[in-house]
Novice: 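This structure is in structure tokens; I'll ask about it shortly.
Just so you know, these numbers come straight off a predicted model, no measurement behind them.
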Amino acid sequence: MHRWMSRGAALGLVAIVAAACTQTSPPTAFPVGSVPTTGPLIFGSTGFHGCTASVVSSPTQNLLITAAHCLSGTGRGITFVPGSVNGSAPYGTWTVVAAYADQAWLTTRNPLDDMAILKVAPDQIFGVSLNVQRVTGGNTLITTPATLGEVQIPAYAAGVGGYPFSCLATAHRTGAYTTFDCGGYVGGTSGAPFLQGSNVLGVIGGLHQGGCLPATSYSSPFTAATLALLNRAASGAAGDTLPAPGSDGC
């Protein structure tokens, strides 16, 4: 099952999947408090969020990372609400003005390149115009290490409002994909960061757009090309127009 959801499908399917997961394999993800660097991506004016994103450190202090399959088009107008708890905006609301993806995703939607960088406009915080990283801090994007170890994965399920949850899991590989096993990662969790301390080494996506089962989630590998993508976004280059994600293959 892909981990992004359209408004028409999300509310019913998330409830069904969550119930099925509870019956067969109880979720092991646990609720957490506000995570300043991580929040939902909100599509449209209804408050519905269908993916997760996180702030990534950059010289421009205005960049996020998520899964490329969360987007279709330029991404402009999507909003990011870091640290949101049940619809709150404790660190402001930030509007996407550009999106960037690798050429392999733009041309063939290669699941090995299922990540995107988003540029957000400044927000007014107590009357001062600030970039998001100044307010929330940022995670350092790194290439996927040879030895993976434990990761934490803060995320949001699709819907309106809602609470963040996370899991501490030992990452492993499924072919080239970074993988973790933890229940509860249903629709809306696409783009959630794989964190080791303040480093981000993956986002939910890649194989089957994140996974066919809520208990196993994937990330495309982060490589030198991922670092180059971040640098391109930080350089002020024009954003990309991303293709519709297509089928997850589940």
Novice: Between the side chains of Asp114 and His69, is a donor N or O closer than 3.5 angstrom to an acceptor N or O?
Specialist: yes

Novice: Starting at CG of Leu141, measure out to CE of Met115 and round the result to the nearest 0.5 Å.
Specialist: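 Atom-to-atom, Leu141:CG and Met115:CE are 8.5 Å apart.
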
Novice: Write down the atom of Asn62, the atom of Thr60, and the distance for their closest heavy-atom approach.
Specialist: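 Closest heavy-atom pair between Asn62 and Thr60: OD1-OG1, 2.6 Å.
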
Novice: Has the side chain of Asp248 got a donor or acceptor atom that lies under 3.5 Å from a matching backbone atom of Cys250?
Specialist: yes

Novice: Is the ring pair Tyr177/Tyr218 parallel, tilted or perpendicular, if the boundaries are 30 and 60 degrees?
Specialist: perpendicular

Novice: Return the set of residues passing salt bridge (Lys or Arg N to Asp or Glu O under 4.0 Å) with Asp240 (not counting sequence neighbours), or none when no residue passes.
Specialist: Arg232

Novice: Flag yes if Leu130 and Val55 sit in one hydrophobic cluster, no otherwise; membership is Ile, Leu, Val, Met, Phe, Trp, Tyr, and two members link when side-chain heavy atoms are under 4.5 Å apart.
Specialist: yes

Novice: Under the side chain to side chain contact (heavy atoms under 4.5 Å, CB included) rule, what do Leu229 and Leu227 come out as? Steps first, then yes or no, please.
Specialist: CA-CA 5 Å; Leu229 178 66; Leu227 299 179; over 6 Å; no

Novice: Which residues satisfy the side-chain contact (heavy atoms from CB on, under 4.5 Å) test with Val96, sequence neighbours excluded?
Specialist: Ile78, Leu118, Val120

Novice: Does the Ser34 side chain pair with the main chain of Pro36, one donor and one acceptor, at a distance under 3.5 Å?
Specialist: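 Answer holds: no.
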
Novice: Taking the side chain as C-beta and beyond, is there a heavy-atom pair between Val135 and Trp94 under 4.5 Å?
Specialist: yes

Novice: Taking the side chain as C-beta and beyond, is there a heavy-atom pair between Thr52 and Thr38 under 4.5 Å?
Specialist: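 Result yes, sub-4.5 Å side-chain heavy-atom pair found.
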
Novice: If we ignore hydrogens and angles and just use 3.5 Å, is the side chain of Gln152 paired with the main-chain N or O of Pro193 as donor and acceptor?
Specialist: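 Judged by distance alone, no pair lies under 3.5 Å.
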
Novice: Within the 3.5 Å criterion, strictly below it, is a donor on Asp181 or His172 matched to an acceptor on the partner's side chain?
Specialist: yes

Novice: Could you state the interatomic distance from OG (Ser217) to CD (Gln209), rounded to the nearest 0.5 Å?
Specialist: 13.0 Å

Novice: Decide yes or no for Ser57 and Thr140: does some side-chain heavy atom of the first lie under 4.5 Å from some side-chain heavy atom of the second?
Specialist: yes

Novice: For the hydrophobic clusters of this structure (ILVMFWY residues joined by side-chain heavy atoms under 4.5 Å, transitively), does one cluster hold both Val203 and Leu63?
Specialist: yes

Novice: Asn110 side chain to Leu112 main-chain N or O, any donor-acceptor pair under 3.5 Å?
Specialist: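 Here the side-chain-to-backbone pair exists.
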
Novice: Calculate, to the nearest 0.5 Å, the distance between atoms OG1 and CG belonging to Thr37 and Leu195 respectively.
Specialist: 6.0 Å

Novice: Find the distance between CG (Leu207) and OG (Ser220) and round it off to the nearest 0.5 Å.
Specialist: 9.0 Å

Novice: So, the side chain of Gln133 versus the backbone of Ser58: is there a donor-acceptor pair under 3.5 Å, distance only?
Specialist: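 Checking the backbone N and O of Ser58 against the side chain of Gln133, a donor-acceptor pair under 3.5 Å is found.
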
Novice: Are Ser198 and Asn139 linked by a side-chain donor-acceptor pair shorter than 3.5 Å?
Specialist: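 Per modelled atom types, Ser198 and Asn139 side chains form no pair under 3.5 Å.
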
Novice: Report, as yes or no, whether the 6.0 Å neighbourhood of atom OH on Tyr163 holds more than 12 heavy atoms from other residues, nucleotides or ligands.
Specialist: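 No.
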
Novice: Given 3.5 Å as the limit, does a donor-acceptor pair link the side chain of Thr143 with the main chain of Thr223, or not?
Specialist: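 Not a single qualifying donor-acceptor pair exists.
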
Novice: Count the heavy atoms of every other residue, nucleotide or ligand shown that sit under 6.0 Å from CZ of Arg173, and state whether that count exceeds 12.
Specialist: yes

Novice: So Phe194 and Leu148, do their side chains get closer than 4.5 Å, heavy atoms only?
Specialist: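 No, side chains not in contact.
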
Novice: So, taking the atom named CD1 in Ile65 and the one named CD1 in Ile117, what distance separates them when rounded to the nearest 0.5 Å?
Specialist: 4.0 Å

Novice: Give the C-alpha distance, both sets of side-chain angles, the deciding distance and a yes or no for side chain to side chain contact (heavy atoms under 4.5 Å, CB included) between Gln196 and Leu201.
Specialist: CA-CA 8 Å; Gln196 287 183 336; Leu201 57 88; 3.3 Å; yes

Novice: In Å and rounded to the nearest 0.5 Å, what is the CG to CD distance from Asp113 to Gln103?
Specialist: 10.0 Å

Novice: Please tell me whether Tyr91 and Val132 are part of a single hydrophobic cluster in this structure, the criterion being side-chain heavy atoms less than 4.5 Å apart.
Specialist: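 Yes, same cluster.
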
Novice: Do Leu64 and Tyr100 land in one hydrophobic cluster if side-chain heavy atoms of ILVMFWY residues count as linked below 4.5 Å?
Specialist: no

Novice: Restricting to non-hydrogen atoms, name the atom on Gln124 and the atom on Ser129 that form the minimum distance, rounded to 0.1 Å.
Specialist: NE2-CB, 3.5 Å

Novice: With distance as the sole test, does Ser219 use its side chain to make a donor-acceptor pair with the main-chain N or O of Gly202 at under 3.5 Å?
Specialist: no

Novice: Could you please spell out the steps behind the side chain to side chain contact (heavy atoms under 4.5 Å, CB included) verdict for Phe165 and Thr189?
Specialist: CA-CA 10 Å; Phe165 58 88; Thr189 60; 3.6 Å; yes

Novice: Can you name the residues that form a side-chain contact (heavy atoms from CB on, under 4.5 Å) with Thr93, not counting sequence neighbours?
Specialist: Thr79, Val81, Ala89

Novice: Taking all atoms of both residues into account, what is the closest heavy-atom pair of Gly92 and Asp123, and its distance?
Specialist: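 The pair with the smallest heavy-atom distance is CA-OD2, 3.5 Å.
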
Novice: Minimum heavy-atom separation for Cys51 and Phe43, please, with both atom names.
Specialist: N-CE1, 3.9 Å

Novice: Would you say the side-chain atoms of His49 pair up with the backbone N or O of Tyr156, donor to acceptor, closer than 3.5 Å?
Specialist: no

Novice: Just do the side chain to side chain contact (heavy atoms under 4.5 Å, CB included) check on Val200 and Ile142 with the steps written out, would you?
Specialist: CA-CA 6 Å; Val200 55; Ile142 64 170; over 6 Å; no

Novice: If you take all heavy atoms of Ile204 and Gly210, which pair is closest and at what distance?
Specialist: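 In this case the closest contact between Ile204 and Gly210 is CG2-CA, 3.9 Å.
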
Novice: In sequence, state the C-alpha distance, the side-chain angles, and the governing distance for Phe180 and Tyr185, and then conclude on ring pair (Phe, Tyr, Trp, His ring centres under 6.0 Å).
Specialist: CA-CA 11 Å; Phe180 73 89; Tyr185 283 83; 5.0 Å; yes

Novice: What closest approach, in Å, do Ser88 and Ser84 show between heavy atoms, and which atom pair accounts for it?
Specialist: O-OG, 2.8 Å

Novice: Quick check: is Leu106 connected to Leu71 through a chain of hydrophobic side chains (ILVMFWY, heavy atoms under 4.5 Å apart)?
Specialist: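 The answer is yes; both residues are in one hydrophobic cluster.
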
